[in-house]
Colleague: 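Attaching a single structure in structure tokens format; questions to follow.
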Amino acid sequence: MLIIKPAATLEWLTPDALKVIERAGRVCYKSEDKITGASAEKFVAGILARGHEAVIEHASASFRLITDRGLTHEIVRHRLASYCQESTRYCNYSADKFAAQIAVIEPPDLDAAQQAIWRDACAGAEKAYFALLAAGTAPQIARAVLPTCLKTELVMTANFREWRHFLKLRLADGAHPQIRELARQIAMILSAECPAVFGEF
Ligand SMILES: Cc1cc2nc3c(=O)[nH]c(=O)nc-3n(C[C@H](O)[C@H](O)[C@H](O)COP(=O)(O)OP(=O)(O)OC[C@H]3O[C@@H](n4cnc5c(N)ncnc54)[C@H](O)[C@@H]3O)c2cc1C
């Protein structure tokens, strides 16, 4: 059983995103003549200050997220994004490419005793999964015994408006600590890439 860390990495971001947004947004005012090499940032800041968020839908970002199955149930509730996710139907974790083991994400804030209980539970689930496979059960059925903390990977694509919405909800105090951590990593990347849109996060 492999224990791995959750991670968010940027796969793709609209090239020259601010300029793309400015070119689209200035159609509203027919003010394309005001476009200069440095005008996009101010234009986008003004658009956002007026709450005209539809304009930032013209730029998108894709992230590769490594987290657990429990968390991805929450992530995929965001309906205005697109997803591709590692499938426990099609992946057989007894295969060589998975080093014949399951991978899990450790829950946060466990003390040593709690961590031992969690490890035992994961090891038991792994043993049962491999026993079912050895008995001829298909991976898509054997997955029934895999734990919620099973590592999974997904690529999530959304436009900038949806990413702002995601970050507002998932950085908030009431959100699950693991999704807050993932959202924090996403926010750091997006605010470095595009501070005019994501600087507030
Ligand atoms: C702290 C927290 C606790 C939660 N607890 C639970 C829980 O206990 N149980 C549970 O089931 N879920 C829970 N959720 C999930 C929550 O109900 C939403 O499904 C999830 O946060 C996605 O939010 P959203 O619908 O605003 O976003 P998205 O689906 O990303 O949509 C973005 C926005 O588009 C608009 N939109 C999208 N679809 C429609 C539509 N069909 N009609 C009208 N407008 C639409 C809305 O303005 C929406 O805010 C929780 C979420 C959070 C953040």
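Order of appearance sets the numbers: ligands from 1, and atoms from 1 within every ligand. All values below come from the heavy atoms of this structure, side chains included, with hydrogens, waters and symmetry mates left out.
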Colleague: Hey, would you say the Phe198 and Phe160 ring centroids sit under 6.0 Å apart?
Modeller: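 Yes; Phe160 has its ring centre under 6.0 Å from that of Phe198.
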
Colleague: Classify the side-chain pair Gln85/Thr152 by whether it contains a donor and acceptor separated by less than 3.5 Å.
Modeller: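 Yes - a donor-acceptor pair under 3.5 Å links their side chains.
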
Colleague: Count the heavy atoms belonging to other residues, nucleotides or ligands that lie under 6.0 Å from CG of Asp33, then report whether that count exceeds 12.
Modeller: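 Yes, enclosed.
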
Colleague: With a 4.0 angstrom cut-off on heavy atoms, strictly below it, pick out the residues next to ligand 1 and order them by chain and number.
Modeller: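 The 4.0 Å shell around ligand 1 contains Arg77, His78, Arg79, Leu80, Glu162, His165, Leu169, Arg170, Gly174.
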
Colleague: Tell me whether the rings of His165 and His78 are parallel (<30°), tilted (30 to 60°) or perpendicular (>60°).
Modeller: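 Because their plane-to-plane angle is over 60°, the rings of His165 and His78 count as perpendicular.
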
Colleague: Of Thr9, Leu154, Ile179, which meets side-chain contact (heavy atoms from CB on, under 4.5 Å) against Leu65?
Modeller: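 With Leu65 as partner, Thr9, Leu154, Ile179 yield a single side-chain contact (heavy atoms from CB on, under 4.5 Å), made by Leu154.
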
Colleague: Measure up the Trp163 and Phe166 rings against each other and bin them: parallel (under 30°), tilted (30 to 60°), perpendicular (over 60°).
Modeller: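 Rings of Trp163 and Phe166: perpendicular, as their planes differ by over 60°.
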
